[in-house]
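One structure below.
Atoms within each ligand, like the ligands themselves, are counted from 1 in listed order.
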Amino acid sequence: MDNKRELATLGVRAGQVRSQFGEHAEALFLTSSFVFDNAAQAAARFAGGEDGMVYTRYTNPTVSMFQDRLAALEGAETCVATASGMAAILATAMVHLKSGEHVVCSNAVFGATIQLFSGILARFGIQTSFVSPTKIEEWQKAVRPTTKLFFLETPSNPLTEVCDIAALSAVARTAGALLAVDNVFCTPALQRPLELGADIVIHSATKYLDGQGRVLGGAVVGSKALVGDVLVPFLRTAGPTLSPFNAWVLLKGLETLDLRMRAQSAAAMELARWLERHPAVARVHYPGLASHPQHELARRQQRAAGSVLSFEVKGGRAAAWRVIDSTQLLSITANLGDVKTTIIHPASTTHGRISAEARAAAGITEGLLRVAVGLEALADLQADLERGLALG
Ligand SMILES: Cc1ncc(COP(=O)(O)O)c(C=O)c1O
């Protein structure tokens, strides 16, 4: 398969290897181990002298197909799949950092990522400085002689702030650090961080890569030297590999990725415009709107603005909860990346454990609602939100 083809084609075709049966759809190799022809072959496979399957914690044909397809979509040399998105971030940290080293991380990344760096990795002597996703000077100032990794997520959740990947990759390079980008919200259908100078791309495949909320999975994407050569031995030994069943589901998810991301982004754009005009709404955060502070950057960096938006209703928490409680169609859940539209009140859920002052400083107001737009008809989504918004 020529990996220079269009994204839509790569999503459907890249990475597929057919077995001797000539199956049309990708085969699911639901097996924990593989048999050898004889003792010499077993010895050669274990020693690495002969290519071939040994054990699914090391390699599996269905997992390899998923890895090759995602690598093609990101325009990367290698992809290594992991059991979840958090396993992808943990594995990246484990292979690229050691005690005494330092990380500069956006303060607007997924909550578990913050816990991983500030809690778990700190216990192993790895220090992390958290900085604004949009203020480049804060990243520059945070650099220490021991800084080895920059980590960011763009657009951020729930305020959709956009980090300048190219500018931060230049700062990271000067600092002698790697830049890792969590590409969960855009996926390669909308943003290819490696082309903008990132060294490593992280995925929670659980979100848009699956797209239908079925399985957990993750991936690390990049060069053979920074990803394949170091992560494959790590996963083989440490164990958080992707299950073949989940890889098979994710392969099917990738086939519709381009289509879904375009459609969900287009619907989010329309919903954002409608909300911005709505008298009960004080503010809408969506990179596709001209009112967004990084609108121009998002236009340069992303193919479309994505499916996640947030908005502040007038009337604080009571009004925001009224909107949620008046929905009949939207799923009230913190998850996203699904064809089913979801809604959540960040201040009392995803950001509920941080102090009211820290929340206010981060812009997570009491009236803020986050919506991850799916594939239902726009008119039905608007009607579902209007019911609560009309209550004022
Ligand atoms: C941006 C981002 N990164 C990483 C993760 C973690 O992924 P997983 O739940 O697959 O471990 C999530 C999960 O919501 C996420 O939203």
Intermediate values then yes/no, side-chain hydrogen bond (donor to acceptor under 3.5 Å, both in side chains), E161 and H285: CA-CA 8 Å; E161 292 161 288; H285 304 269; over 6 Å; no

Proximity flag G217 to ligand 1, non-hydrogen atoms under 4.0 Å: yes

Interatomic spacing from CD in E26 to OG1 in T62 - rounded to 0.5 Å: 9.0 Å

Would [X] count as a polar contact of ligand 1, with the cut-off being nitrogen or oxygen pairs under 3.5 Å?
{"X": "T113", "answer": "no"}
{"X": "D182", "answer": "yes"}
{"X": "M86", "answer": "yes"}
{"X": "V184", "answer": "no"}

Among protein heavy atoms, which sits nearest to [atom], and what does the distance come to when rounded to 0.1 Å?
{"atom": "atom 16 (O) of ligand 1", "answer": "F110 CD1, 3.8 Å"}
{"atom": "atom 14 (O) of ligand 1", "answer": "K207 NZ, 2.8 Å"}
{"atom": "atom 10 (O) of ligand 1", "answer": "T206 OG1, 2.6 Å"}

Derivation and outcome, salt bridge (Lys or Arg N to Asp or Glu O under 4.0 Å), residues R299 and E296: CA-CA 5 Å; R299 275 164 61 103; E296 281 311 316; 3.7 Å; yes

Side chain to side chain contact (heavy atoms under 4.5 Å, CB included) between S129 and H102, worked out: CA-CA 8 Å; S129 305; H102 174 247; 2.6 Å; yes

Donor + acceptor pair across side chains of E101, H96 (<3.5 Å): no

Candidate pair Q302 and V162, rule side chain to side chain contact (heavy atoms under 4.5 Å, CB included), full reasoning: CA-CA 10 Å; Q302 301 174 207; V162 178; 4.1 Å; yes

Close-contact set for ligand 1 against E153 heavy atoms, below 4.0 Å: 1 (C)

Ligand 1 atoms in contact with F185 (distance to a heavy atom under 4.0 Å): 1 (C)

Test: R273 and E276 ion pair at under 4.0 Å: no

Joint hydrophobic cluster, L159 plus L289, side-chain heavy atoms closer than 4.5 Å: no

From the candidates G111, P155, S204, the one that places a heavy atom nearest atom 7 (O) of ligand 1: S204

